[in-house]
Each structure stands twice: as C-alpha cells, then as structure tokens.
Amino acid sequence: FAALILVYSYRDHFGSLGERFTAELIPAKGTQTGPASIAFTTQADGHYHVSGSVDSSSIQFLVDSGARDIVLSPADARMLGMQMEYLDFTLIAQTANGTVRGAPVRLKTLKVGPIVMHDVPATVNEAEMSNSLLGMEFLRRLKSWGVQNGKLTVEQ
C-alpha cells in the first residue's frame, strides 16, 4: 500500500523518466523540455533526426539549417496523398548533390512534439531523397532554436 502511495506521489517524475527513457531509445522522438519546447540528441551520423507529423501522418525529418525550405521527399509526398504527376515543379534549388527541381505545396498542419504550425509553405523535391528536411522555413517560425552540448532545442 505504501509503495502505491509513493508511486502516486511521484507520478509526474515517473512520467518524465519514461519520456527520457523513450528519447534515449528513439532519439528522433525528442525530449519535451517545456510546454512548447523539445530537444533532440545528435545521432550517430552527426545529424538531428526528428519524428514529426504532417496532417496527422508520421514523417521522419532531418533538420537542415542549410536548406531554405521544408522539403518533402517524393515518397513522403506520395504517402500524404500528393500525386506527383499533378505537382508543378517550377522551383530550382542548388544542393550539395547539384541542381534539383521542387514543387511548392502548403501543409495544413506540421507538428513536432509540442510545436504545431498551420498553413506552412513547403516544397516537394522531384528527385528521391532519403529524408524529408526541416529547413529554415521551419526554424525561422520558432521563438528560438539552438544547439548546445550536442542537443538541438527548438521552442515555439
């Protein structure tokens, strides 16, 4: 009985421990650090991978401060129901892999942990890519973002 009272008394602490445990096992889920902030740990490849959702569909993003836009891979765009043959690939971007074309789209809702954005401009990349990107279009809409001690923290 005393153990149950103890567990109940510290339920908030146990909840945050569970969140930290999950963040260690699945770093892309992040650790919520405040009501509107979340932190992500650098992964083995040196990048910040982020689990998010677009219009309630889960998408794995790579944070790329060198990218101007939020960029959806063709696979993620198809998963969201976008028909590639009807997109207008009129945007040109210079990337590390050369010149690529993109199609402008709008996302109804973009969610990363406690951060929710509505009516967000994005680009669908014409060429295949391994991950969708959260570029400066995402980062500039935040109250703050920064990297310290191997952790990327974003706050809305």
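From Leu87, atom CG reaches atom CD of Glu85 across 8.0 Å, with rounding to the nearest 0.5 Å. With rounding to the nearest 0.5 Å, the separation of OG1 in Thr41 from CG in Asn149 is 11.0 Å. Taking OG from Ser37 and CH2 from Trp145, the interatomic distance works out to 15.5 Å, rounded to the nearest 0.5 Å.
The hydrophobic cluster containing Met129 does not contain Leu134, counting ILVMFWY residues as joined when their side-chain heavy atoms lie under 4.5 angstrom apart, directly or transitively. A chain of hydrophobic side-chain contacts below 4.5 Å, direct or via other Ile, Leu, Val, Met, Phe, Trp or Tyr residues, connects Leu107 to Leu142. One hydrophobic cluster, built from ILVMFWY side chains closer than 4.5 Å, holds both Phe138 and Val105. Put simply, Leu62 and Val154 are part of two different groups of oily side chains (I, L, V, M, F, W, Y) that touch within less than 4.5 Å, one to the next. One hydrophobic cluster holds both Leu139 and Met117 under the rule that ILVMFWY side chains link at heavy-atom gaps under 4.5 Å.
In this view, Ser56 satisfies the side chain to side chain donor-acceptor pair (under 3.5 Å) rule with no residue, not counting sequence neighbours. With sequence neighbours excluded, no residue forms a side chain to side chain donor-acceptor pair (under 3.5 Å) with Thr153. The side-chain contact (heavy atoms from CB on, under 4.5 Å) check on Ser130 picks up nothing, with sequence neighbours excluded. Checked against side-chain contact (heavy atoms from CB on, under 4.5 Å), Asp45 has the following partners two or more places apart in sequence or in another chain: Gln43, His47, His49.
Residue pairs meeting the side-chain hydrogen bond (donor to acceptor under 3.5 Å, both in side chains) criterion with at least one partner in residues 86-95, sequence neighbours excluded, are Gln94-Thr99. Identified under the salt bridge (charged side-chain N to carboxylate O under 4.0 Å, His left out) test for residues 129-140, with sequence neighbours left out: Glu137-Arg140, Glu137-Arg141. Identified under the salt bridge (charged side-chain N to carboxylate O under 4.0 Å, His left out) test for residues 105-116, with sequence neighbours left out: Arg106-Asp119. Under the salt bridge (charged side-chain N to carboxylate O under 4.0 Å, His left out) criterion, no residue pair touches residues 47-62, with sequence neighbours excluded. Counting only residues at least two apart or in different chains, salt bridge (charged side-chain N to carboxylate O under 4.0 Å, His left out) contacts with residues 89-105 comprise Arg101-Glu126.
Taking Ile, Leu, Val, Met, Phe, Trp and Tyr as hydrophobic and joining them when side-chain heavy atoms fall under 4.5 Å apart, one finds Val116 isolated, its cluster having no other members.
The two residues Gly34 and Pro114 come nearest to each other via the heavy atoms O-CG, 4.4 Å. In terms of heavy-atom proximity, Ala103 sits nearest to Leu91 at C-CD1, 4.4 Å.
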Please output the side-chain donor-acceptor pairs of residues 63-84 that fall under 3.5 Å, not counting sequence neighbours, one pair per line with the distance.
residue: Asp64; atom: OD1; partner: Gly66; partner atom: N; Å: 2.9
residue: Asp64; atom: OD1; partner: Ala67; partner atom: N; Å: 3.4
residue: Asp69; atom: OD2; partner: Thr123; partner atom: OG1; Å: 2.9
residue: Ser73; atom: OG; partner: Asp76; partner atom: N; Å: 3.1
residue: Ser73; atom: OG; partner: Asp76; partner atom: OD2; Å: 3.4
residue: Asp76; atom: OD2; partner: Ser132; partner atom: OG; Å: 2.6
residue: Arg78; atom: NH2; partner: Glu128; partner atom: OE2; Å: 3.2

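At least one side-chain heavy atom of Tyr48 sits under 4.5 Å from a side-chain heavy atom of Thr42.
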**OP:** Take Ile38 and Val50, measure what side chain to side chain contact (heavy atoms under 4.5 Å, CB included) needs, and give me the verdict at the end.
**Re:** CA-CA 10 Å; Ile38 189 165; Val50 171; over 6 Å; no
Subject >> Intermediate values then yes/no, side chain to side chain contact (heavy atoms under 4.5 Å, CB included), Phe40 and Val112 >> reply: CA-CA 11 Å; Phe40 300 92; Val112 174; 3.7 Å; yes
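Residues Gln60 and Ser51 have side chains that bring a donor and an acceptor to within less than 3.5 angstrom of each other.
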